[in-house]
S.K.: 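Just passing along the structure, written as structure tokens.
Bear in mind the structure is a predicted one, so any value in this text is a computation, not a measurement.
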Protein chains: 2
Amino acid sequence: MKKQRHKTDIVSVANLAGVSAATVSRALNHPDLVQPATRKKIDQAIRKSGYIRNRAAQTIHGRRSGTIGLVVPTVAYAIFAELVQAFNDAVSERGFTLLLASHGYDLDTEYGLVRKLLEHRVDALALIGLDHSADTYRVLREQNVPTLAIWNFDAESPVSCVGVNNAEIGGIAADHLIMLGHRRIGTIFPSTGENDRARSRKSAAFERFRAAEADLDETWQIQTPYSIAQAKDACLDLLARQDRPTALLCGNDVIAQGAIYAAVKLGLSVPKDISIIGIGDFAGSAELEPALTTVRIPARRIGAIAAEHLAAAVDRAEEDFLVRTRFEAELIMRATTAVARTK
Amino acid sequence: MKKQRHKTDIVSVANLAGVSAATVSRALNHPDLVQPATRKKIDQAIRKSGYIRNRAAQTIHGRRSGTIGLVVPTVAYAIFAELVQAFNDAVSERGFTLLLASHGYDLDTEYGLVRKLLEHRVDALALIGLDHSADTYRVLREQNVPTLAIWNFDAESPVSCVGVNNAEIGGIAADHLIMLGHRRIGTIFPSTGENDRARSRKSAAFERFRAAEADLDETWQIQTPYSIAQAKDACLDLLARQDRPTALLCGNDVIAQGAIYAAVKLGLSVPKDISIIGIGDFAGSAELEPALTTVRIPARRIGAIAAEHLAAAVDRAEEDFLVRTRFEAELIMRATTAVARTK
DNA sequence: AAAATTAATGAAAACATTTGCATAACTATT
DNA sequence: AATAGTTATGCAAATGTTTTCATTAATTTT
């Protein structure tokens, strides 16, 4: 065989089956409208010719593209991997395919990605958080594609959202440390410039700490990206000092993991010498030794519900899609926090 | 404003700019063919109308769809998250968008996903490993879409591949343990039924162990999915026994991580009481305490090169795309393995 | 058995774009 | 100044589907 490229489109299938293209189309989309006998002929023709429908042609005709876009900061770290998986599972179960894009925490890049996904005529679009450029919000409004912000809940969000209240989460984590008697507190957060999740958590936590008149020594407040290696590194410096905090609030579990490793490496006992609390409760956090105390964000459920909302909006062809679903965060007390020792 | 849905297609832009649709198309695709002045008018019209090109229409016309498909078993665990990220970065950099699908280690599901991606007319397609159903291989051959298997290298692979030799990797890991004097060996692998990576590693390792006349007590060989929690669980049983191996070879770093936690939890010292070696060298493995000895698979580089190959194949519109790139695996000695104690 | 209804199929228009060919308006050459 | 060559643009065909409308065939009703 020379070139198998004898374009196998719907009319070649129709010819092979001895029917019209319209009938083939119907056999595929509304099988009940075509006689079983013809359907069988068509099935055989399809099988024989190795025909695969052209989704682009359907899309152009005005049908759904059958794709849903998801834009995340990154998928490399556990933070979003679980979410992506859950979202993809749910979306896929409903017959959609996922278009994935990641911007590395840069909101201008994100705008470009959103445009690209819109060029592909995604039927719906999910973003992470509510921090997005004005351009992004504008284009989403103009195109009127069902859009949903995943991860944080905000009763006044300009677009639909499914997630948790990050300020509350920061509060929960802070309260836990305060309740255990900690008054010398260190925090490790990523840059909060273009990350509303981290920003809300951090400022809420600081508020509580200040109200409790905790010592928030400047040098105990570190900034590091979401990376185990970098968090561990940063913590090695902090924890090696004689004058260190008694508790560490970490922006998320990845950072907390780094912090724990740093402590173990330095021979410090967690939680006796230092209490550590994370945020997220990612896969693996429960298995850490010692097991991580953290505030659980139900990533899988959030991802699944988000997908469900969007798929439903597409199916119902909703004009003005707007839902806001709030998930409750929950303190998961494990083994990395303990009552503060009186110094 | 009532409904912004005054379909803003290329002709409405053309009208607004006072030119023909063809000219607008050219301004977008071959800017050098249209006069700067007209280009400017068109730019303004586009800006004003909020026009976003319809990729589906281009695709249908025979142009590239601008998408590349990636089918993975899962993205939830660190195993593939890094790879997906690297692949996506590289693909995106070259102007493509990623269509992601995951099948949860089920090759029939995988076939369905591949078909779906082909319906979307992906310009190229990447799969993980070389274990795929006959249907999958057939449809890929028929459609003649540049396809590439990521993760393992095989000089006789039926499709292009970029990766490592998993048998070699299994050998490297086994040799390391043997060289350290271990003769009582436990292994923890996932089900090798539909996973050629694990299968190759495992059988190669067993070969070496047998050649060294190691004790491979049946009850020391465990099967568990790629999950920290389940691996830890399984290891708790194994390591609690009086009669336990002196070294553990883990199917990958995720499993190894679970094994380490199990050992720590039982108060065993790694590597004094038990040596543990992983495979993969995922993000975070170096930071573990104790740091994990493992065989490095350069996931990021593999993902990037894979994307590069595919993008190039698309750009050159290659008829018969076939490349095979081998990456060398490398033993990374860290702190979880040590010389076997004479019992 | 004729008329009316229903079921199955086909012809053709529509979808949003790209591109080959044709045309018109310049610019350069003699 | 007439001709040839170039450049910028428009027209219309083509891409692979779906769907409306029309037509024919089969079935039911009278």
Side-chain angles (χ1 to χ4, degrees), chain A residues 5-43 45-46 49-67 116 118-123 143 145 317, chain B residues 5-43 45-46 49-67 115-116 118-123 143 317:
Chain A
R5 303 242 56 66
H6 57 288
K7 56 170 175 146
T8 158
D9 56 2
I10 205 173
V11 340
S12 76
V13 171
N15 290 338
L16 197 59
V19 298
S20 78
T23 305
V24 176
S25 174
R26 268 187 289 257
L28 289 167
N29 298 302
H30 316 282
D32 43 310
L33 290 184
V34 27
Q35 225 173 6
T38 358
R39 216 155 53 198
K40 201 167 151 196
K41 278 191 301 182
I42 292 173
D43 266 11
I46 288 178
S49 62
Y51 169 65
I52 292 198
R53 295 151 84 177
N54 189 332
R55 222 47 207 246
Q58 306 186 206
T59 305
I60 208 190
H61 191 78
R63 292 200 132 209
R64 317 176 331 189
S65 70
T67 58
K116 204 179 276 181
L118 291 172
E119 287 187 3
H120 285 288
R121 293 297 186 265
V122 289
D123 295 325
Q143 295 306 116
V145 167
Chain B
R5 304 243 56 67
H6 57 286
K7 55 169 178 154
T8 159
D9 56 2
I10 206 174
V11 341
S12 75
V13 171
N15 291 338
L16 198 59
V19 298
S20 77
T23 305
V24 176
S25 175
R26 269 186 288 258
L28 290 167
N29 298 302
H30 316 282
D32 42 312
L33 291 183
V34 27
Q35 224 174 6
T38 355
R39 216 156 51 199
K40 200 166 151 198
K41 276 192 302 183
I42 292 172
D43 266 11
I46 288 178
S49 62
Y51 170 65
I52 292 197
R53 293 151 83 176
N54 189 334
R55 224 45 207 248
Q58 305 186 205
T59 305
I60 209 189
H61 191 80
R63 295 198 130 212
R64 317 178 330 188
S65 70
T67 58
R115 279 196 71 96
K116 204 179 277 185
L118 290 172
E119 288 187 1
H120 285 288
R121 293 296 186 268
V122 287
D123 296 325
Q143 296 306 117

S.K.: If only side-chain N and O atoms of B:H30 are considered, is one of them under 4.0 Å from the OP1 or OP2 phosphate oxygen of C:dT18?
M.R.: no

S.K.: Starting at atom NE2 of B:H120, determine the distance to atom P of D:dT17, rounded to an integer number of angstrom.
M.R.: 14 Å

S.K.: Whole Å only: how far is the CD1 atom of B:I10 from the C1' atom of C:dT18?
M.R.: 8 Å

S.K.: Taking any heavy-atom pair under 4.0 Å as a contact, classify B:T23: base, sugar-phosphate, or nothing.
M.R.: sugar-phosphate

S.K.: Would you say B:N29 places a side-chain N or O within less than 4.0 Å of OP1 or OP2 belonging to C:dT18?
M.R.: yes

S.K.: Across the strands shown, which category fits B:R26 at heavy-atom distances under 4.0 angstrom: base, sugar-phosphate, nothing?
M.R.: base

S.K.: Test your reading of the model: is there a side-chain donor-acceptor pair from B:R26 to the backbone of B:D32, 3.5 Å cut-off?
M.R.: no

S.K.: Can you tell me if A:R63 touches the phosphate of D:dT19, counting only side-chain N or O atoms and a distance under 4.0 Å to OP1 or OP2?
M.R.: yes

S.K.: Would you indicate which nucleotide in D:dG16, C:dT17, D:dT9 comes nearest to any side-chain atom of B:I60?
M.R.: D:dG16

S.K.: Take atom CZ of A:R39 and atom P of C:dT9, then tell me their distance rounded to the nearest Å.
M.R.: 10 Å

S.K.: Any heavy-atom pair between the side chains of B:I60 and B:R121 that's under 4.5 Å?
M.R.: no

S.K.: Let me know the distance between CD of B:Q35 and C1' of C:dA25, rounded to the nearest Å.
M.R.: 11 Å

S.K.: So which one's nearest nucleotide on DNA chain C is more toward 5', A:D32 or A:A22?
M.R.: A:D32

S.K.: Which whole-number value in Å describes the distance from B:E119 CD to D:dG16 P?
M.R.: 16 Å

S.K.: Once you round it to whole Å, what is the distance between C1' of C:dA8 and NZ of A:K41?
M.R.: 11 Å

S.K.: Take the protein atom CG of A:L28 and the nucleotide atom P of D:dT19, then report the distance between them rounded to whole Å.
M.R.: 12 Å

S.K.: Using heavy atoms to find the nearest nucleotide of DNA chain D for B:V24 and B:A57 separately, return the residue whose nucleotide is more 5′.
M.R.: B:V24

S.K.: By the 4.0 Å heavy-atom rule, please label A:T38 as base, sugar-phosphate, or nothing.
M.R.: sugar-phosphate

S.K.: So, is A:Q58 near the phosphate of D:dT18, with a side-chain N or O under 4.0 Å from OP1 or OP2?
M.R.: yes

S.K.: For the pair A:D9 and A:N54, evaluate side chain to side chain contact (heavy atoms under 4.5 Å, CB included) and give the outcome as yes or no after the intermediate values.
M.R.: CA-CA 8 Å; A:D9 56 2; A:N54 189 332; over 6 Å; no

S.K.: Are the side chains of A:V34 and A:K41 in touch, meaning some heavy atoms are under 4.5 Å apart?
M.R.: no

S.K.: Can you see which heavy atom on B:T67 is nearest to which on B:H120, and at what distance?
M.R.: OG1-O, 4.4 Å

S.K.: Let's test your reading of the model: under 3.5 Å, does the base of D:dG16 pair with the side chain of B:R121 as donor and acceptor?
M.R.: no

S.K.: Could you tell me how far apart B:D9 (CG) and C:dT18 (P) are, to the nearest whole angstrom?
M.R.: 12 Å

